Amino acid sequence: MKNVKTLALAATTIAAMAAPAMAADRGEDIRSGDYSWMQFNAMYAFDELPSGGESGHDYLEMEFGGRAGVVDLYGYVDVFNLFTQDSGDKGYGENRMFMKFAPRFSLDAITGLDLSVGPIQEVYFSTLFNWGGGPIAEDVNASFWGLGADVMVPWLGKTGMNIYAHYDMNGKDWNGYQFSMNWFKPVMNFDNGTFVSFQGYVDYQFGADDDYGNEFVPMSSNGGAAYFGLHWHSDNYALGYGLKAYKDVYLLEDGAGIVGLETTGFAHYLTATYKF
């Protein structure tokens, strides 16, 4: 199984979380709040999970997002092991790519109704697709379908939250659920206009059928990952460090079975970003 990272989700939804998208602010022009952004992140992961041994590697991430009419979009494409090292979990013979694609469709904008209530600013029909670059049925190939919202959370501010049903496109079956949230919180501002943000995400799967596993790689009924990052931002660049915590990530039972993958623990990420 390959990295489904969400932050980001090792660098996260930066401009997407910083830009408001309340249906009540759009007036009669559904396109009045449109925006787009893109950035490239040069990254290095230390002790990334799941792992069967050495798991440090470099990678390049193209991250993108924006709002266009009813659609709120976030996604990224990762290319691993840029220097073709023959060691680590992304060495020769391993999959070198991964893609996450997460369009949400505003129910406020589609219906013309203001569905905001209390801390909930906008409501979405949410989708998420995780695709690995390896052969079909041998790599990540999952989709998620559900409801989402932009929620005002004390101190964190506007936070994206989604609850999904998980459809395993390899197994062609529904298997459990996922709760996801992501945030972007400026915590320190400097006189030159730069700032430091606390940004991150949580992806937690639950209610899954652990019978999907086998004697080589047993599965768990719940598990996930959370990323907590501190990133310095200027208009065109960013530098960051992130700590990622795992618990039976991708529903792989930690240390179990013949393969004995390590799927619970911590990883560290370094990021250098160029913004377009």
Side-chain angles (χ1 to χ4, degrees), residues 1-14 17 41-61 63 76 78-82 85 87-91 94-95 98 100 128 130 132 140 142 153 155-156 159-161 176 178-185 187-188 196-206 208 210 213 217-232 238-257 259-273:
M1 303 284 272
K2 305 302 178 187
N3 179 22
V4 182
K5 158 176 90 165
T6 155
L7 273 290
L9 328 156
T12 61
T13 58
I14 295 174
M17 294 310 302
N41 308 310
M43 306 181 69
Y44 197 91
F46 299 87
D47 302 320
E48 189 175 51
L49 301 180
S51 171
E54 183 182 354
S55 59
H57 61 86
D58 63 276
Y59 61 105
L60 179 68
E61 177 174 87
E63 193 175 19
Y76 61 81
D78 288 342
V79 180
F80 306 116
N81 195 5
L82 302 177
Q85 302 296 311
S87 61
D89 64 327
K90 298 295 188 292
E94 299 292 336
N95 170 29
F98 175 80
K100 178 174 185 172
L128 167 64
N130 291 327
V140 175
V153 175
W155 190 75
L156 279 181
T159 301
M161 296 187 182
Q178 177 168 303
F179 171 75
S180 297
M181 63 181 288
N182 54 73
W183 63 87
F184 183 91
K185 168 69 176 180
V187 294
M188 184 180 298
V196 173
S197 68
F198 171 57
Q199 55 193 68
Y201 71 96
V202 174
D203 287 332
Y204 184 72
Q205 291 182 261
F206 60 96
D210 56 16
V217 184
M219 306 292 284
S220 174
S221 62
N222 62 86
Y227 176 88
F228 306 96
L230 288 174
H231 294 245
W232 169 84
L239 295 171
Y241 162 78
L243 174 68
K244 193 169 182 179
Y246 303 85
K247 193 273 182 183
D248 289 346
V249 68
Y250 312 140
L251 301 178
L252 303 173
E253 188 176 345
D254 183 49
V259 176
L261 287 175
E262 183 180 356
T263 62
T264 297
F266 297 92
H268 307 272
Y269 291 81
L270 298 178
T271 306
T273 296

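As the structure is a computational prediction, the values presented were derived from the model and not from experiment. In what follows, every heavy atom counts, from backbone to side chain, and hydrogens, waters and symmetry copies are set aside.
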Reported NZ-to-CG distance for the pair K100 and D78, which is rounded to 0.5 angstrom: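 If we round to the nearest 0.5 Å, K100:NZ and D78:CG are 10.5 Å apart.
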What distance do F228 atom CZ and Q199 atom CD have between them, rounded to the nearest 0.5 Å?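 Rounded to the nearest 0.5 Å, the CZ-CD separation comes out at 13.0 Å.
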Please report the closest heavy-atom contact between [X] and [Y], naming both atoms and the distance.
X: V217; Y: V259; answer: CG2-CG2, 3.9 Å
X: Y59; Y: Y269; answer: OH-CE2, 3.4 Å
X: Y227; Y: G242; answer: OH-CA, 3.3 Å
X: L82; Y: V79; answer: CD2-O, 3.6 Å
X: D210; Y: S221; answer: CB-N, 4.1 Å
X: L49; Y: E262; answer: CD2-O, 3.4 Å

Check whether any side-chain heavy atom of [X] sits under 4.5 Å from a side-chain heavy atom of [Y], and report yes or no.
X: D58; Y: N81; value: yes
X: V140; Y: F98; value: yes
X: L243; Y: F266; value: yes

Backbone N or O of [Y] within a donor-acceptor pair of the [X] side chain at under 3.5 Å?
X: K185; Y: W155; value: yes
X: D248; Y: S220; value: no
X: N41; Y: T271; value: no
X: T263; Y: L252; value: yes

Side chains of Y250 and Q205: do they bring a donor and an acceptor to under 3.5 Å?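 Short answer, no.
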